[in-house]
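Data block below; observations after.
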Amino acid sequence: MSEQHAFAVLRALSDGRFHSGEAIAQQLGVSRTLVWQAVHTIENDFGLAVYSVRGQGYKLAEGFEWLDVTAIRAGLAPAAAEALTVAVAERIDSTNSQLMQHATSSDLHGLVLAAELQTAGRGRLGRRWQMRLGSGLTFSLLWRFDKGLAGLAGLSLAVGVALARALRVLGAPVTLKWPNDVLLDGRKLAGILIELSGEAMGPAAVVIGIGLNLQLPGEVDQPVAALDQAGVRVGRNALLAALLNELQQVLDAFAKQGFAAVREEWLALSAHRDSPVRLSFSHGEPIEGIARGVADDGALEVETAAGMQRFHVGEVSLRALS
Ligand code: BTN
């Protein structure tokens, strides 16, 4: 059973109503057995519940809103609509990997790629990023800056501010955990993976990848949150447009003023300000202290027994002490 058939059957079922196996088979020009197999793939591989009722056919437990370029663009503010080109992929290895290829092989700027399903989604620190089909957003944005890699310090924090702005307007009281997690009730709602290509002083291309949970995924190795837990009911296309509107604004401000443009806002959103924290490194002993803030270059400022120390994006994790 190919996933392609499963996607086609899922599209036929996405209105959340009953459809007979025969009608779907006719519509798609395939056998009823193939439709039945596709329903199994939808349940077992995609993790979606399908009711099967004799005499009525198949029905998704919940309707499914597909990502749709026209619907996303309809929600964009004029400045974002001008700056961004939006594309949607049904199934792709990783939106970040795809846009990283464009980063080096083209001069495209403002390209957004969202995916229904990533087969090799990547998280920070070499982790995998998995999301059940339709239960969240996975997308990346390719952006170019004139200032060179050195001028991009704090970019991941600025991206967090953009996401928080959009999510707070929708009613989710999110906070930010350094360097770049978006939290809801202290649990991870969204993650950001930023990848860079360019030179220290020359122009730089940046791929900003974002994964955000709308409904809780299955088993995961860390405490996670989903937007519906905050009572936010928003369609995936409208949500993506809202996030892109804020990202475009923040990235424009960042291009002009760097992280300083949103530093105060980041501090106000910080989940750990003036709290005891422990920073763990991939090598070496963890450090404990009180998180005091962030510098203009996005470095975390921690008051330790040895005095105020600064830590840069990338190698550290942050944990509140119990
Ligand atoms: C994290 O570890 O917190 C970052 C997760 C980033 C996941 C997103 S999903 C869209 C984009 N494509 C990827 O392969 N990863 C990012």
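Read the numbers this way: they start at 1 and go in the same order the structure lists the ligands and their atoms.
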Hey, can you tell me if Trp143 and His109 have their rings parallel, tilted or perpendicular (30° and 60° cut-offs)? tilted
Classify the angle between the aromatic ring planes of Trp66 and Phe7 as parallel (below 30°), tilted (30 to 60°) or perpendicular (above 60°).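 Trp66 vs Phe7 ring planes: tilted.
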Counting only heavy atoms and a distance below 4.0 Å, can you name the residues contacting ligand 1?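 Residues within 4.0 Å of ligand 1: Ser94, Thr95, Asn96, Gln118, Gly121, Arg122, Gly123, Arg124, Trp129, Thr138, Phe139, Ser140, Asp181, Lys188, Gly191, Ile192, Leu193, Gly209, Ile210, Gly211.
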Taking everything shown except Arg168 itself, do over 12 heavy atoms lie less than 6.0 Å from its CZ?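 It does: Arg168 CZ has more than 12 such atoms within range.
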Residues Gln248, Asp252; criterion side chain to side chain donor-acceptor pair (under 3.5 Å); working and verdict: CA-CA 6 Å; Gln248 183 267 326; Asp252 266 5; 3.0 Å; yes
Within one Ile-Leu-Val-Met-Phe-Trp-Tyr cluster: Val30 and Ile42, side-chain cutoff 4.5 Å: yes
Among residues at least two apart in sequence or on other chains, which ones pass salt bridge (charged side-chain N to carboxylate O under 4.0 Å, His left out) with Arg236?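 Scan of Arg236 (salt bridge (charged side-chain N to carboxylate O under 4.0 Å, His left out), adjacent residues dropped) gives Glu116.
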